[in-house]
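Working notes, beginning with the structure itself.
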Amino acid sequence: MSKLFVNKDKMSYLLRDLTMQVLIYSAIVCVSGVFLWILFDLIRGGSTLLSWQFLTDVPRDAGRAGGISSILASTLLVLLIALLAALPISWATAVMLTEYVPAESPFGRWVRYSLQVLACVPSIIFGLFGYAFFSLYLGLGFSILSGGLTLACMLLPILVSTAEAGLRAVPESYRLSAVALGMSRAATLFHVLLPVAAPAWAAGLLLGIGRAAAETAALMFTSGYVDRMPESLLDSGRVLALHIFDLSMNVPGGDAPAFASALVLILLLLVINLVAMRFTYLWQRKKLNAE
């Protein structure tokens, strides 16, 4: 009789495990299917225009002809400015919240609450803020610099939250072992905590890049619509996401260039993701092997 109950319990556990496996793999298939569906649709609509000339030529006839070289240059410059401005502030804030400020302190809770509210602010509000502060008050006008700094403000909550989560996921025994060895806080951070938390920091960085590269509303008020090649950071520049929006909504006959531009944006994000993940893996392995 007891063996019968044992077998029933075992069958129940196996059934639950099988059910969970089916649900997990179904979710993976659904997510991958949606991505492949979007990618296939973009390839079908834009692969005929995609060529080296399309990447190196400037837009003509409101984007119906020519390429996207100036659009790509503006996009990369805006991303670079946004990351250079946001990464030091956000990662330093994450280190401060995890290593130097008690978790339940009023200051720490106020900073986290502010970041949560900031993450909920619509992008159009960031665009209006960037236009009022960077473009008008600071006199930057419609420029790549104004757009990049506006995007930096949008990236702060993503970068801070992911970096803080990565540092808090490091076991406390790592910190205690470093203290026992006489290591300073700075040495513990750079030689112990960062190599372990590097995947979480890289994930936050990739999320931030994806959010910034796909932004339209905020840059509509700050970086502008001009599609010529920028000569300085104070020139106006149209980014890829805004170019796609303009071609698909405001330019008759611009559907094919819009599909091709969207395909380039997806491929650009895939390349950035692969490079960032590979660099993070090599850096983490190098640091851990050195220890």
Side-chain angles (χ1 to χ4, degrees), residues 79-130 132-134 137-138 146-212 215 217-218 222 276-277 279-281 283-284 286-288 290-291:
L79 279 176
L80 182 62
I81 293 171
L83 293 177
L84 289 178
L87 286 179
I89 299 174
S90 58
W91 286 353
T93 303
V95 171
M96 179 195 68
L97 291 175
T98 53
E99 304 301 319
Y100 295 94
V101 177
E104 298 301 323
S105 67
F107 176 73
R109 284 183 293 182
W110 179 79
V111 172
R112 292 186 186 90
Y113 179 73
S114 300
L115 290 170
Q116 292 171 2
V117 173
L118 195 63
C120 299
V121 174
S123 58
I124 191 72
I125 304 299
F126 280 103
L128 292 174
F129 164 77
F133 183 71
F134 297 117
Y137 182 75
L138 296 183
S146 179
L149 294 176
T150 303
L151 283 186
C153 297
M154 296 180 59
L155 296 182
L156 287 177
I158 297 175
L159 296 175
V160 173
S161 59
T162 53
E164 183 185 4
L167 287 174
R168 291 198 181 280
V170 179
E172 190 64 25
S173 59
Y174 284 46
R175 295 177 176 85
L176 297 177
S177 300
V179 171
L181 293 173
M183 297 176 64
S184 63
R185 279 190 171 184
T188 302
L189 176 66
F190 286 103
H191 297 288
V192 179
L193 302 181
L194 286 186
V196 179
W201 287 40
L205 177 60
L206 296 178
L207 286 174
I209 291 175
R211 170 78 185 276
E215 189 51 51
T222 52
M277 287 189 295
F279 176 78
T280 302
Y281 169 75
W283 180 82
Q284 185 183 31
K286 179 180 178 181
K287 291 292 291 185
L288 293 177
E291 299 298 325

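- With a 4.5 Å cut-off on side-chain heavy atoms, F126 and V121 count as touching.
- Taking all atoms of both residues into account, the shortest heavy-atom contact from V192 to A178 is CG2-CB, 4.5 Å.
- Among residues at least two apart or in separate chains, side chain to side chain donor-acceptor pair (under 3.5 Å) pairs with a member in residues 109-127 are R112-E164, S123-E215.
- L118 CG to L155 CG: the interatomic distance, rounded to the nearest 0.5 Å, is 10.5 Å.
- For the pair C153/T150, no side-chain contact is recorded, criterion being any heavy-atom separation below 4.5 Å from C-beta on.
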- Task: Apply side-chain contact (heavy atoms from CB on, under 4.5 Å) to the pair L205 and L83, showing each step before the final yes or no.
- Result: CA-CA 9 Å; L205 177 60; L83 293 177; 3.9 Å; yes
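- In this structure F133 satisfies the ring pair (Phe, Tyr, Trp, His ring centres under 6.0 Å) test together with F129, Y137, sequence neighbours excluded.
- In this structure, the side chains of L189 and V95 come closer than 4.5 Å at one or more pairs of heavy atoms.
- With rounding to the nearest 0.5 angstrom, the CG atom of L151 is 12.0 Å from the CD1 atom of I209.
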- Task: List the steps and the verdict of side-chain contact (heavy atoms from CB on, under 4.5 Å) for T222 and L149.
- Result: CA-CA 9 Å; T222 52; L149 294 176; over 6 Å; no
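- For the residue pair L115 and V160, the shortest heavy atom distance occurs at CD1-CG1, 3.2 Å.
- Rounded to the nearest 0.5 angstrom, M183 CE and H191 NE2 are separated by 6.0 Å.
- Among all heavy-atom pairs drawn from A94 and A163, the shortest one is CB-CB, 3.5 Å.
- The closest donor-acceptor contact from the side chain of S105 to the backbone of V101 lies at 3.5 Å or more, if one exists at all.
- Atom CG of L193 sits about 11.0 Å away from atom CZ of R185, to the nearest 0.5 Å.
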- Item | Full working for side-chain contact (heavy atoms from CB on, under 4.5 Å) between W201 and L159 | CA-CA 8 Å; W201 287 40; L159 296 175; over 6 Å; no
- Message: side-chain contact (heavy atoms from CB on, under 4.5 Å) for I89 and L156? Distances and angles first, verdict last.
- Response: CA-CA 8 Å; I89 299 174; L156 287 177; 4.0 Å; yes
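- Here side chain to side chain donor-acceptor pair (under 3.5 Å) pairs that include residues 86-101, with residues two or more places apart or in two chains, are E99-R175.
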